[in-house]
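Below, chains carry the letters A, B, ... as their sequence lines are ordered, and counting in each starts from 1.
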Number of protein chains: 2
Amino acid sequence: MSGEALWRMSVAVILASLATSSALAADPALRDDALALFEPIPLSPDPAPDPAAVELGKALFFEPRLSEGHNISCNSCHNLGTGGVDLAPVSLGHRWQKGGRNSPTVLNATYNTAQFWDGRAADLTEQAGGPMINPVEMGSTAEHVIEQLKGIPGYLPLFTAAFPGDADPLTFPNTEAAIAAFEQTLITPNAPFDRFLRGDDTAMTAAQQDGLRAFMDQGCAACHNGVNLGGNSYQPFGLVEKPDWSILPPGDKGRFEVTRAEEDAYVFKVPTLRNIAITPPYFHSGSVWDLNLAVGVMGSAQMGTALDPDQEASIVAFLDSLTGDMPQVVYPTLPPSTADTPRPQQ
Amino acid sequence: MSGEALWRMSVAVILASLATSSALAADPALRDDALALFEPIPLSPDPAPDPAAVELGKALFFEPRLSEGHNISCNSCHNLGTGGVDLAPVSLGHRWQKGGRNSPTVLNATYNTAQFWDGRAADLTEQAGGPMINPVEMGSTAEHVIEQLKGIPGYLPLFTAAFPGDADPLTFPNTEAAIAAFEQTLITPNAPFDRFLRGDDTAMTAAQQDGLRAFMDQGCAACHNGVNLGGNSYQPFGLVEKPDWSILPPGDKGRFEVTRAEEDAYVFKVPTLRNIAITPPYFHSGSVWDLNLAVGVMGSAQMGTALDPDQEASIVAFLDSLTGDMPQVVYPTLPPSTADTPRPQQ
């Protein structure tokens, strides 16, 4: 081996060793800076919801008979096998109708300060019944949901156990509350980012740590902060520069539809970035499949910054560190139908 | 208390005691007669399928991206939460198209000697791919299924682990074989009837035991026998007397569509009666929701017997003893999509 070859090899070994060692030494303030903006997901739901409500809520979450056609459950569009979403631009609902916006993940939704892209539900309980009675989603009505559940004899004991103080426990609000209780358990702790925040220097790769620094330096964390890296504020999409109409369709004015306030036109709830790497496509329009491109769109639309491909890739490396442990859910056995149970409207 | 009241009370106590005691003493040959016709479901799959194939097959069973719209999985129509069926006359498939026949249960399907109502698939492996490439079901093609799975990077390692001897393991036949391996685990042992067959005199109520005797005496067991109480022969629906066309639609000639033999017109595979109480509606047409009525139809159509309501109820009591322990399945985390994964055709 020539002297030059030896020299090149030594340099390569040193560089490789630098790349695999923790970058923390190079950025000693990284964890403290991050802890000022973010917090890890608790290792278990806190407060822990009532087990009887969770058990009922789990059955209801997977219950296709809550839909008019008996073929769509909460899990259809918030699939626990695919990051709590359906991996589609918009969801397919009753009679194959398309929904208006991309299905947001149910995972860690308990940490959002409001639900839906426009925040029209204050919490999980208020959200849970919405899709059931939306004509383009599950296509039922609040009255029929209760008629349906009362027509499945096994549900009454589950409602009674979950709401022991209620004289008439099988109600639409209790249906929503039980689903919300189950959804409170759908958290994804232990992402590399969480383990890093908790003090594990080896949890995130150097590239992910660099990406975290870029994420903070570029201003992403101005909106994507807190335990959910988002989900806690409303922002105009296109704060600095409106993105292409294919990404921000003109017909959907976001929170304006809720408040009718002109300043809420094209304002949306900032989505969580938890598990973002496994929940394409992106934005309320579900129009962007490539996370690098989505990061680039955010840079120009929200910050007026043209991120270069290396910057995008660095931030995406950080986003990859936000995928946590998926909830372990035993598929529920649902109470049987009888000859008198209301039948599907196909 | 008057003498007459005391007398009435004593008679009531004696009758109640007779009703709750095992009826076996009254029918000492019942178990032996039953064991000549039926056998219990094994407590665990035997032979046990390969764990790596089961793990892959479980993911594929719950994989909506196998459908053209990415919204229908095997579990949509063979829902493990509802007895392995969808509790609908016929299933709703791609673009809300209706299937031609009632979705048969996947539970214990491994014990059927052939699959589909017309037996057109020899076994679970041959069956598994059918719905994926049926235009009115999942609406994909064999080529696209493989393109789709190859476009989800996490699948190749699962196929390699399940089929270690194959140079190119990610194939349509292996997709089918893995799903079949998972389905071999979907058995429901420990039904009261199974525990009775194994020697537990308290497993079945007296009414259920009486129903078992009626089931055998009336001739039901001529076709509904073996481990699955059916699933092992073909019979003309309407052997003695054609049922109403709403139950036996004239356009569906059953096994004739497979063999083109005139004697196979309106011939169907005898369905399993395992878990029948929780899998309405009944028959290939899914036209009857009431199990008592279904039993009555069978009496007249297949045996030329007009069962009276007590006889129907007695047989239904026996059928209630065929509901076993549902498989405990942890909902799988599916491999993530990427920006390059083929997208849903909505």
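- Scanning both residues, A/Trp289 and A/Tyr282, for their nearest heavy atoms gives O-CE1, 3.6 Å.
- With hydrogens and angles left out, the side-chain atoms of B/Asp325 and B/Thr188 include no donor and acceptor closer than 3.5 Å.
- Side-chain polar atoms of A/Ser285 and A/Asp252 form no donor-acceptor pair below 3.5 angstrom.
- Nearest approach of A/Pro344 to A/Gly69, heavy atoms of both residues: CB-O, 3.6 Å.
- There is no contact between A/Asn292 and chain B, counting heavy-atom distances below 4.5 Å.
- A salt bridge does not link B/Asp340 with B/Lys150: every distance from a Lys NZ or Arg NE/NH1/NH2 to an Asp or Glu carboxylate oxygen is 4.0 Å or more.
- Counting heavy-atom pairs under 4.5 Å between each of B/Gln328, B/Arg343, B/Lys98 and chain A puts B/Arg343 at the top.
- Checked for salt-bridge contact, A/Asp86 and B/Arg65 miss the test: no charged N lies under 4.0 Å from a carboxylate O.
- Interface remark: of the candidates B/Thr341, B/Leu92, B/Thr82, B/Leu92 forms the most heavy-atom pairs closer than 4.5 Å to chain A.
- With a threshold of 4.5 angstrom between heavy atoms, A/Ser76 does not approach chain B through any atom at all.
- Between chain A and the options B/Glu63, B/Met326, B/Gln346, B/His94, heavy-atom pairs under 4.5 Å are most frequent for B/Gln346.
- Only the side chain of A/Pro280 comes within contact range of chain B, with heavy atoms under 4.5 Å apart.
- Using cut-offs of 30° and 60° for the angle between ring planes, the A/Tyr331 and B/Tyr331 rings count as parallel.
- Contact count against chain A (heavy-atom pairs under 4.5 Å) is highest for B/Val90 among B/Thr338, B/Ile72, B/Val90.
- Taking each heavy atom of B/Pro189 and B/Leu43 in turn, the nearest pair found is CG-O, 3.8 Å.
- Heavy atoms closer than 4.5 Å to chain A are found in the side chain of B/Asn75, but not in its backbone.
- At a 4.5 Å heavy-atom cutoff, A/Val288 makes no contact with chain B through either its backbone or its side chain.
- Counting heavy-atom pairs closer than 4.5 Å to chain B, the top-ranked of the candidates A/Ser73, A/Pro336, A/Ala339 is A/Ala339.
- Only the side chain of A/Asn71 comes within contact range of chain B, with at least one heavy atom under 4.5 Å from a heavy atom of that chain.
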